[in-house]
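Proteins come first, then strands; the chains are lettered A, B, ... in the order of their sequence lines, and each starts at number 1.
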Amino acid sequence: MKLLHRELELAIEAAIKAAQASGELPQFGIPPIPVSAPKRTGQGDLAYPAMGLAKLARMKPLDIARLIGDKLPELDFADDIRVAPPGFINCSIAKDYLARQVDAIIAEGDVLFQLGIGCGKRAQVEFVSANPSGPITIGHTRGAVVGDAMARLLEAAGYSVQREYYYNNAGSQMVKLGKSLMLRYREQLGDEVKFPAEYYQGEYLVEVAADLVAEQGDSLRGEGWEYFRDAAETRMFDWIERSLASIDIRHDAFFNESSLFESGKIWAVLETMRESGHIYEAAYWEGAGEDEIADVESKGYAPATWFRSSAFGDEKDRVMVKSDGVPTYTLPDITYHCDKLERGFDIAVNVLGTDHFSQAQVVRHGIEALGMDPEPIHVIFNQMVRAVRRNEETGEYEAVKQSKRAGDFDTLDDLVEMTSADAVRYHMLARSPNSQLDFDVDQVVKQTNENPVYYIQNAYVRCAGIFREAEERGFDDAGANLALLGEDELAFIGKALELGNVIEQAVVTYEPHKIAFFAQELASVFHPIYDRVRVLHSEVPRETAKARLRFYRAAAVVFQRVLRLMGMSAPERM
RNA sequence: GCCUCUGUAGCUCAGUGGACAGAGCACCGGUCUUCUAAACCGUUGGUCGCAGGUUCGAGUCCUGCCAGGGGCGCCA
């Protein structure tokens with residue numbers, strides 16, 4: 001399928017060059033040509049504001065637009081190209097072109113609007129990356145949904161995509177997890193235990209402990225916390241993978257932070273940074289103020305190893321290796337991203353919560369300190385997400401309490417159980433990452449028209465219903481004459497042709513939520529048509545019905561493609 | 001205090017420096033004898049937080065305020 005925006009942009013650029021060659025326009029460097037879809041009817045399907053050229057050409061915008069309009073090469077999709085004040089070029093898509101796209105859409109099917117911009121390139125999306133110390137929370141879920149949608153969109157753009165999960169099972173948190181499980185296990189055996197407040201309080205560890213007792217009895221009483229840590233990790237990862245699979249998310253690779261220690265790579269990276277003069281040993285950082293120095297001296301720290309990140313614009317330097325010789329998380333993080341870049345990805349997207357903002361900056365500085373180009377790395381920062389419900393008395397939204405009790409919507413599993421995988425995916429995706437997300441549990445549960453999930457899926461369901469009925473009646477679309485399609489149907493095809501542009505925009509701006517809004521718009525164009533444009537009614541002439549059936553086949557392809565890009569199912573019935 | 005995100009209709013939110021500011025929900029009033037009405041049609045609804053600035057043109061860019069979220073550890 002063609003990207004009509006792009007075709008028109010190229011045509012306009014050619015027209016400007018032609019006008020420059022003939023001397024009708026002066027010579028100037030041609031700026032980007034922004035072609036967009038006008039909001040209002042009567043302004044065509046594609047529009048270009050030529051006003052931006054007025055200053056460069058020192059001419060009236062309307063005159064420039066006329067000039068470009070005259071020089072535009074023949075375009076097979078365009079019919080009426082008009083110039084409108086104060087200097088717009090409006091282009092309408094030809095009806096016969098739209099009609100021809102019905103068959104083109106059906107022919108492309110599952111790979112509708114597969115783009116070439118990532119052709120031969122490799123992309124990686126690192127997402128979720130939750131340490132195996134507990135279940136997938138509602139916060140992780142946003143990252144999971146956004147990351148997977150980003151991966152699907154990159155695939156649609158032609159990239160070969162790897163989904164990676166980075167985790168750390170070696171830190172102090174995992175020690176705590178192991179010890180927590182050990183205590184829970186002994187609790188289950190009836191031992192009197194004191195459970196420290198800083199240990200993992202979650203009910204899920206009690207359940208794991210109960211499982212262990214059921215499977216092994218008291219035979220584990222002699223095991224140390226290491227055994228329980230490993231047991232906890234195995235079960236947590238099982239759980240995490242199962243939860244993610246329940247919303248159709250799977251990773252291709254799991255990268256263990258420990259491997260960077262075992263291979264010694266973190267030390268090699270540290271040495272490289274040291275050789276280029278970005279590392280120093282000191283008790284406190286070079287720019288420390290009196291308060292900081294006093295604070296450090298009161299704690300009596302021995303010298304630590306610092307990264308002079310302030311040289312890259314950071315507000316202060318960062319400790320890479322603590323005074324006890326143990327690296328902070330910063331060093332392996334930098335090493336991991338260094339490793340990513342060495343693996344040669346053209347794009348490495350990292351989906352993180354906004355609470356990792358500072359850390360991501362430090363990693364970027366570290367990559368620069370290694371003399372590497374951080375450009376392939378792009379971080380999508382998701383703002384906070386919380387589950388809320390409306391308080392019936394006050395009418396205010398209130399956060400659902402964070403707890404492991406059933407029904408409190410704290411985990412991905414809870415969300416899926418109370419709503420559905422499709423609802424979770426849609427609602428988590430249908431928001432700009434920059435926006436905080438209040439996941440309104442009660443609304444998502446509702447299976448009414450308040451819920452856009454069903455609105456979109458119902459478009460596909462309605463198509464499927466027509467196909468079923470047509471088959472029962474032995475009616476098919478063989479030999480359909482697409483010239484019989486009306487304006488309604490062609491308007492939908494015109495909207496569907498924007499999909500390529502949406503995919504491209506979502507990929508270049510790293511904003512996968514654009515596809516969710518497009519899906520909603522597409523459905524809102526579809527439903528009124530379904531109401532008006534009937535297929536299997538007695539008063540519809542047979543030839544018209546065939547054309548319409550073919551149209552709905554194309555519509556179904558479009559909805560299926562869009563739903564899959566969002567990781568949602570395309571149900572045949574509801 | 002510094003960094004960052006947000007502030008657009010009653011609510012939840014879209015919005016590539018371009019044309020008269022958009023959608024869903026809610027509200028109000030209509031549509032099922034024919035492919036499932038989880039739908040459709042119509043009405044109502046706005047000082048785009050405030051104040052300046054840049055521009056032919058600002059919800060969009062810049063500066064300063066105001067309000068809210070998040071981050072600023074030899075924690076991960």
Side-chain angles (χ1 to χ4, degrees), chain A residues 32 34-36 38-40 43 47-52 54-55 60-61 84-88 90 131 133 168 171-174 257 283-284 295-296 299 301-306 314-316 318-324 326-330 332-333 353-359 361 381 383-384 386 390 395 397 430-438 440 443 446-455 457-459 461-470 472-473 501 505 509 513-514 516-517 520-521 524 526-532 534-540 548-549 552 573-574:
Chain A
V35 165
S36 60
K39 294 167 198 156
R40 315 190 71 81
Q43 296 171 341
Y48 167 65
M51 290 85 86
K55 188 167 270 183
K60 288 181 183 164
F88 287 98
N90 292 327
N131 289 338
S133 59
N168 170 17
S172 58
Q173 294 304 312
M174 292 301 290
E257 187 199 272
Y284 39 81
D295 183 53
V296 167
K299 287 174 179 164
Y301 282 141
T305 305
W306 294 79
D314 202 358
E315 58 186 336
K316 57 173 290 190
R318 308 284 166 173
V319 170
M320 299 288 269
V321 184
K322 295 186 280 181
S323 48
D324 62 5
V326 178
T328 62
Y329 59 105
T330 305
D333 259 17
T354 181
D355 52 332
H356 289 77
F357 183 83
S358 307
Q359 176 59 11
Q361 298 301 314
F381 290 105
Q383 295 291 321
M384 246 183 53
R386 54 180 196 159
R390 188 194 279 277
Y397 283 102
R431 192 128 324 177
S432 159
N434 286 338
S435 237
Q436 283 175 53
L437 196 162
D438 282 348
D440 184 338
Q443 192 198 318
K446 280 185 194 161
Q447 300 199 353
T448 69
N449 52 3
E450 286 174 57
N451 200 334
V453 176
Y454 304 100
Y455 186 77
Q457 287 182 319
N458 193 31
V461 169
R462 286 180 137 182
C463 292
I466 296 173
F467 305 153
R468 269 198 306 275
E469 186 66 21
E472 265 178 39
R473 300 190 195 180
N501 191 50
Q505 285 301 311
T509 62
H513 71 279
K514 289 183 195 298
F517 286 92
Q520 206 280 332
E521 285 171 21
S524 73
F526 175 87
H527 285 300
I529 295 171
Y530 175 89
D531 234 48
R532 288 192 292 265
R534 299 271 147 168
V535 179
L536 304 166
H537 285 191
S538 48
E539 71 271 23
V540 178
R548 289 178 175 179
L549 183 57
Y552 281 110
R573 302 166 191 271
M574 280 199 180

State whether a side-chain donor-acceptor pair under 3.5 Å links A:N131 with A:Q173.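 No pair is found: no donor N or O on one side chain lies under 3.5 Å from an acceptor on the other.
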If only atom types and distance count, is the side chain of A:R473 paired as donor or acceptor with the main-chain N or O of A:L536 below 3.5 Å? yes
When you measure from the side chain of A:H527 to the backbone N and O of A:Y455, does any donor-acceptor pair fall under 3.5 Å? yes
Please work out whether B:C65 sits syn or anti, treating a glycosidic angle within 90° of 0 as syn.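 Anti, which is what one calls it when the glycosidic angle falls more than 90° from 0.
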Just to be sure I understand the rule, does [X] reach a base, reach only the sugar-phosphate, or reach nothing, if contact means heavy atoms closer than 4.0 Å?
| X | answer |
| --- | --- |
| A:Y530 | base |
| A:S358 | sugar-phosphate |
| A:S524 | nothing |
| A:A304 | base |
| A:N131 | sugar-phosphate |

Separation between the [atom1] atoms of [N] and [M], rounded to whole Å:
| N | M | atom1 | answer |
| --- | --- | --- | --- |
| B:G49 | B:U44 | P | 24 Å |
| B:U8 | B:U12 | C1' | 12 Å |
| B:U43 | B:G59 | P | 26 Å |
| B:U54 | B:U63 | P | 15 Å |

Calculate, to the nearest 0.5 Å, the distance between atoms CZ and CD belonging to A:R386 and A:Q436 respectively.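 Taking CZ in A:R386 and CD in A:Q436, the distance rounds to 7.5 Å.
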Just to verify, what does A:F381 make a ring-ring contact (aromatic ring centres under 6.0 Å, His included) with, not counting sequence neighbours?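 For A:F381 the ring-ring contact (aromatic ring centres under 6.0 Å, His included) partners, ignoring immediate neighbours, are A:F357.
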Which residues satisfy the ring-ring contact (aromatic ring centres under 6.0 Å, His included) test with A:H356, sequence neighbours excluded?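 Counting only residues at least two positions away or on another chain, A:H356 forms no ring-ring contact (aromatic ring centres under 6.0 Å, His included).
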Toward the 5' end of RNA chain B, which comes first, A:S538 or A:T328, by nearest nucleotide? A:S538
Give RNA chain B the dot-bracket treatment, 5' to 3': Watson-Crick (N1-N3 with N6-O4 or O6-N4) or G-U (N1-O2, O6-N3) under 3.5 Å, [ ] crossing, | other strand. (((((((..((((....[...))))..((((.......))))......(((((..]....))))))))))))....
